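Taking it in order: structure first as C-alpha cells, then the write-up.
Order of the sequence lines fixes the chain letters, A, B, ..., with proteins taken first and strands second; residue numbering starts at 1 for each chain. Quick note: numbers below take in every heavy atom, side chains included, and nothing from hydrogens, waters or symmetry partners. It should be emphasised that the depicted structure is a prediction, and the values quoted were computed from it without experimental measurement.
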Amino acid sequence: MDLSGLNPPQHRAVTTTEGPLLVLAGAGSGKTRVITHRIAWLLAERVPARAILAVTFTNKAAAEMKERVVRLVGQHAQALTVCTFHAFGAEVLREHVHRLGWPRKFAIADTSDQISLIQRALRERSIDGRADFDPRRILGAISRAKNAGRAPLPAGDTPADWEIAAAEVFPLYQRALRAQGAVDFDDLLLLPLRLFREHPEVLGSYVRRFRYLLVDEFQDTNGAQLELVRQLAGERRNVCAVGDDDQCIYGWRGAEVRNILRFEEAFPGATEVRLEQNYRSVPAVLEAAHGVVSQLPERRPKKLWSATVGGPKVQLVVLPGEDEEAAHVARAIEQRLARGARPDDLAVLYRTNGQSRPFEEALRARGIAYEVVGGTEFFDRREVRDVLAYLKVLANPADEVSLLRIVNVPARGIGDVTVEHLVAQARSRGAPLADVLDAPASVPGLTPGAARAVQEFSDLIRRTRARLRTEPLSGVTRALLREVGFEAAARASTASASAAERRLQGVEGILASLEQFERREDRGSDLRSYLNRLSLDTREEEDGPSPARVTLLTLHGAKGLEFRTVFLVGLEEGFLPHGGMQGELQNLEEERRLCYVGITRAREELILTRAATRVRRGREVPRTPSRFLADIPAEVLEVSDTTAPPPGPPTEAEQGFFRNLKARLQGTPSPSA
DNA sequence: TGCAATATCATTTTT
DNA sequence: TGATATTGCA
C-alpha cells in the first residue's frame, strides 16, 4: 500500500486502525483521500472486505466512496458495506423486524405519508384545521422527539397549543404506522436499536461481522446514530469517525455538533487527528471562509492553511433583480465554457431549492446543459404521487393512506360520502379498509351505484395484483393507468395542454425509473423493493456515463463536493441566513456554517451574487445584503455593483435623499416622513 | 357527485 | 406568485 502521497496527520489517520479514532478534517483537507486510503490499508492488512462497514450521509457519497476504493484496490472491494445509516437500518430490519412484530415485508413511509397520517390523527381528535397545528411542524416535533428517544412532551411551563397537539397525536401516529405495516425514516434507526436491546444475539452477529467501522460526516449524526455506532462497535471499539464541526448543517434534523465533542465520552481514550492543511482552495477563498466561520463561538479552534499562493480574489456582484442575477451567472458560465472550462467544473449554489428556477431558465435560454441535483419537486407533483400511491396499494393492501388517495382518482363515482361510509364501516368492524372495499354490498348507506363503483375498483386492484405475479412491473403499471384513464383525466383536469404535458411527463418519469429498476435487478424485481429503494434514495438513476453538465444545487446538497468555479447566489438576508423574523441564535450559527460550506466548495473562483430587489409574493421588495458578506475581509473581495449610480454629479433627488439620510443618522427628525 | 370559482396562505435544508 | 382548501352550484 503506497502512502507516500500523504502528509503526516493523514498518514496517522490512515494507519491508526485499532481503537477509537476521531479525525477532525477541515474543508478540503483531503478527507476523501484519507477515508479511501484507510479502507485500502485495512484490506492490505488482510482485513476481509465484508468485515468493514462504512457509513456515509447520502447514497451518492456511498456510491462514490465504494467506487474510489474499487479503483484503488480492485474488484474485491465490492464486498465492502458502504451505505447510509438509514439504508443500513433498513437492511437490519429486513432481516429481523418480524421479531418486533412488524411484517417482514414492511413499507417505508415517506414524508407525504407521514403528513397524511398526522392530518388524519388530528382529524380523529377533532383538532384539525387550526393554522398553528401545521402537520409539518408537528411531524418535526415528533421526529426530533423520537430521535431523542422520548415521546413529544409539552415543553416548559407554558407549552404552546401545538406542542400539546403533537403530544396527543403522537400515539395515534405510531399506531397508524404500525397498522399499515410501515415504519418511518426515524424508525429505520430506532427499531434496530430496540432490536439490539431486546435481542442481543442479533446485535452480536453484527458486532462479530463488522470489525471495523467508519463514519463519514460525523458532525451530522444525531443521538440515535451515535448510539447505533456505539452498539455496533462492541468491545473492540474500532471506530473511525471523520468530521468537521464547522460543517454541521443538519441541526434541524437532530444532528448534534456536540457529538463530535462527545466522541471522547462515548469512546474514552480515543485518538484524535487533525487535518488542517487545505489542498483545495486558493488563498482568497480560504480567507473568506475563515472570516465567516471564525465568528462562531464554541468551535474547535483551527485554521486551515494552504501552501499555495496567488490566485484570483473572491468576487461579489450586485445586480438589480433576480432575472439579472440569473442572466449574469449564465453569461459568466457561457464565457468560461467558451474559454474551455469543463461544464462539471462549474456549479451554482443556493440556499433553497426554490431559487433554482431563474437560473434554469437563463441557462436553458443560452443552450447550456445543466443538472439540478436534489429537489423534491418531482415527487411533489400530484400525478407522480398518485401513481406511487397506486403502486403502494398494489404492494401493500394495508396501506390506507395510499388507498384513500387513489380510491377516487381518477374520479370513478366514489365520492367523499361513500368513502365516509366505507371508513366508518371498517372502524366499527375493526377490519382493514381494504376488506370492506372487497364487499361493498354489505356496507349500510351506500347507494347501489356507489357500491358498484367500489366493487369495480377492488376488482381492478385484485386483477392487477394477480397480473403482477406473472408479468413485468412496468407493463402492468402502464396497462393499469390506461385502464383507469389516468392520462385522459390528467389532461382534462388542466386548462392548458402544456401543463397537462408537464404533469404526464412526471408519470412517464416514474414509469421510466420502474423500467430502469427492472433492468438493473437481474433477478426478481419486486414492487416492494422498488418502493423501498425509492424512499431511501430519491436521486435519479443514470444509465451509464452522462455528458458533463453545469450543476445546480442547494448548499446542503453541495456538502462534500468541490468545483473549480462556484457561483454562490442570493447572498441576502432572508436567504442566507434564511428565515424571517425570529432569528434564533442557534439557527443563525447553522446558517453561518452553511455559508462556510458553500464558500469552501470553490477551488479557484468564487463568485458571490446578490440582487438589490426581488419579486416576492407578487411584490417587488428591496433586499438587504447578507450579514455574512461583512465578515469577508475586504482585501480578498472585489465588489462590482451594477446598481450603483453612474459616476457624475448627484441629481437633485439624490442630494435630497442623502440630506435625509444624514439627518436620520444624526438622530434629527427628518422633514419628510 | 363533480366541477368551477373563490378564498387563503405560505415561504428551508433531507434520509 | 402560485398552489391548495373551501365553498357554492349544477
Side-chain angles (χ1 to χ4, degrees), chain A residues 55-62 83-90 108-111 114-115 119 128-129 131-132 134 136-137 139-140 143 147 183-190 217 220-222 224-225 248-255 322 349-358 373-377 379-382 408-420 446-447 449-450 453 489 492-495 499 532-539 553-559 570 574-581 587 590-591 593-595 597-598 614-621:
Chain A
V55 188
T56 61
F57 229 66
T58 64
N59 291 288
K60 191 175 172 196
C83 60
T84 65
F85 273 108
H86 291 87
F88 178 77
I108 300 172
D110 63 25
T111 309
Q114 294 178 286
I115 297 282
Q119 265 165 342
D128 57 317
D132 58 332
D134 174 15
R136 296 195 325 183
R137 187 196 223 176
L139 177 59
S143 173
N147 276 300
V183 304
D184 66 15
F185 284 120
D186 302 319
D187 290 333
L188 292 176
L189 307 173
L190 299 175
E217 309 285 10
D220 286 321
T221 55
N222 64 28
Q225 289 165 327
C248 176
I249 54 176
Y250 283 94
W252 51 276
R253 215 170 71 186
E322 87 182 353
L349 270 48
Y350 36 77
R351 174 66 234 271
T352 67
N353 282 305
Q355 288 169 264
S356 72
R357 197 181 285 171
V373 176
T376 51
E377 65 188 69
F379 293 94
D380 286 342
R381 285 193 231 169
R382 185 157 21 123
N408 199 32
V409 174
R412 53 171 70 88
I414 306 176
D416 295 346
V417 180
T418 307
V419 171
E420 287 286 306
L446 289 197
T447 63
S493 73
T494 57
N532 278 356
R533 165 97 75 104
L534 207 58
S535 45
L536 285 175
D537 185 5
T538 52
R539 86 206 141 93
L553 73 182
T554 64
L555 290 169
H556 286 90
K559 190 178 66 169
F575 273 149
L576 193 66
H578 188 274
M581 8 260 103
N587 295 339
E590 185 148 316
E591 296 295 311
R593 290 192 292 265
L594 210 41
C595 183
V597 167
R614 233 169 248 279
V615 178
R616 296 284 271 179
R617 230 188 290 177
R619 281 261 146 261
E620 181 170 279
V621 283

I need the [atom1]-[atom2] distance between [X] and [N], as an integer number of Å.
X         : N       : atom1 : atom2 : value
Leu534(A) : dT15(B) : CG    : P     : 12 Å
Tyr250(A) : dT15(B) : OH    : P     : 6 Å
Leu139(A) : dT12(B) : CG    : P     : 14 Å
Arg412(A) : dT1(B)  : CZ    : P     : 14 Å
Glu590(A) : dT14(B) : CD    : C1'   : 12 Å
Glu217(A) : dT14(B) : CD    : P     : 14 Å
Gln355(A) : dT13(B) : CD    : P     : 9 Å
Phe57(A)  : dT13(B) : CZ    : P     : 16 Å

From the options [options], select the nucleotide whose nearest atom is closest to the side chain of [X].
X         : options                   : value
Thr111(A) : dT13(B), dG2(C), dT15(B)  : dT15(B)
Thr418(A) : dG2(C), dT13(B), dT1(B)   : dT1(B)
Thr84(A)  : dT15(B), dT12(B), dT14(B) : dT15(B)
Asn408(A) : dG2(B), dT14(B), dT13(B)  : dG2(B)
Arg136(A) : dT12(B), dT1(B), dT14(B)  : dT12(B)

Please state the C1' separation for the pair dA5(C) and dT12(B) - nearest whole angstrom.
-> 23 Å

Check whether any side-chain heavy atom of Leu555(A) sits under 4.5 Å from a side-chain heavy atom of Tyr350(A), and report yes or no.
-> no

Any donor-acceptor pair under 3.5 Å between the side chain of Arg351(A) and the base of dT13(B)?
-> yes

Distance from Leu536(A) atom CG to Leu188(A) atom CG, nearest 0.5 Å?
-> 6.0 Å

Residues that Phe57(A) engages under ring pair (Phe, Tyr, Trp, His ring centres under 6.0 Å), provided they are two or more places apart | Tyr250(A)

Stacking of His578(A) on dT12(B) base (centres under 5.5 Å, planes under 30°) = yes

Would you say a side-chain N or O of Asn353(A) is under 4.0 Å from OP1 or OP2 of dT13(B)?
-> yes

Distance check: side-chain N/O of Asn587(A) vs OP1/OP2 of dT12(B), anything under 4.0 Å?
-> no

Partners meeting side-chain hydrogen bond (donor to acceptor under 3.5 Å, both in side chains) with Ser143(A) (sequence neighbours left out) | Asp186(A)

Of the non-hydrogen atoms in Phe88(A) and Cys83(A), which two are nearest, and what is the gap between them?
-> CB-SG, 3.7 Å

